[in-house]
Amino acid sequence: MELGSRTVTREDVELVLDRLRPGLVADGGNVELIDVEADGTVRIAMQGACADCPAQPATLRVGIEEPLRQAIPGVTAVIAI
């Protein structure tokens with residue numbers, strides 16, 4: 001499912017994150033959207049068990065960044081702060 005246009009909106013990012021959250025919550029974690037920058041960079045905060053999980057880099061890239069890039073063409077990067 002592709003959302004929006006080339007412009008990345010908070011609403012589009014939240015829609016995708018809402019689809020991903022159940023998996024994170026099931027493992028005791030979550031993700032919070034912090035910012036969407038004009039260049040398509042999405043800044044998030046990993047929460048709960050995800051905040052200090054050793055698998056966080058893999059979750060970030062495979063479980064969050066890839067689905068966001070597939071659904072929203074304008075996403076250029078996802079950074080966990």
Side-chain angles (χ1 to χ4, degrees):
M1 173 173 128
E2 190 172 302
L3 299 172
S5 62
R6 285 267 180 215
T7 302
V8 181
T9 67
R10 288 186 69 85
E11 294 78 18
D12 284 349
V13 173
E14 284 288 4
L15 283 172
V16 177
L17 291 178
D18 283 346
R19 292 194 329 241
L20 304 175
R21 280 189 175 102
L24 298 171
V25 170
D27 287 336
N30 205 344
V31 62
E32 176 187 3
L33 176 60
I34 303 298
D35 192 26
V36 177
E37 298 177 3
D39 69 352
T41 299
V42 175
R43 294 189 185 277
I44 60 170
M46 303 296 282
Q47 299 177 324
C50 292
D52 53 359
C53 176
Q56 185 197 69
T59 299
L60 178 64
R61 296 295 168 232
V62 176
I64 297 174
E65 184 172 17
E66 286 183 17
L68 280 171
R69 284 179 180 242
Q70 289 174 2
I72 309 167
V75 171
T76 57
V78 177
I79 299 171
I81 59 168

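Nothing here was measured: the structure is a model prediction, and the numbers come from that model. These numbers come from the heavy atoms of this one structure, side chains and all, not from hydrogens, waters or symmetry mates.
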From I34 CD1 over to I81 CD1, what is the distance, rounded to the nearest 0.5 angstrom?
4.5 Å
For the residue pair I72 and T9, establish whether any side-chain heavy-atom pair is separated by less than 4.5 Å.
no
Measuring from I44:CD1 to L68:CG, what's the distance to the nearest 0.5 Å?
7.5 Å
Path from I79 to V8 over hydrophobic side-chain contacts below 4.5 Å
no
Are V25 and V13 co-members of a hydrophobic cluster defined by side-chain heavy atoms under 4.5 Å apart?
no
Do V62 and V78 belong together in a cluster built from hydrophobic side chains that touch within less than 4.5 Å?
no
Shortest non-hydrogen pair, M46 vs A51, comes out as O-CB, 3.5 Å
Tightest non-hydrogen contact, residues C50 and G29, listed as SG-CA, 3.7 Å
Test of understanding: with side-chain contact (heavy atoms from CB on, under 4.5 Å), list the residues that count as partners of D18, not counting sequence neighbours.
E14, R21
Quick one: pull up CG in L15 and CZ in R10 and give me the separation to the nearest 0.5 Å.
12.5 Å
Can you list every pair that meets salt bridge (Lys or Arg N to Asp or Glu O under 4.0 Å) and has a residue in residues 24-37, with sequence neighbours left out?
E37-R43
For a quick test of reading the model, state the closest non-hydrogen atom pair linking L20 to G63 and the distance between them.
CD1-O, 3.4 Å
D12 side, atom CG; T7 side, atom OG1 - distance, nearest 0.5 Å
9.5 Å
A71 to R19 - nearest heavy-atom pair and separation
CB-NH2, 4.2 Å
Roughly how far apart are E65 CD and T59 OG1, rounded to 0.5 Å?
12.5 Å
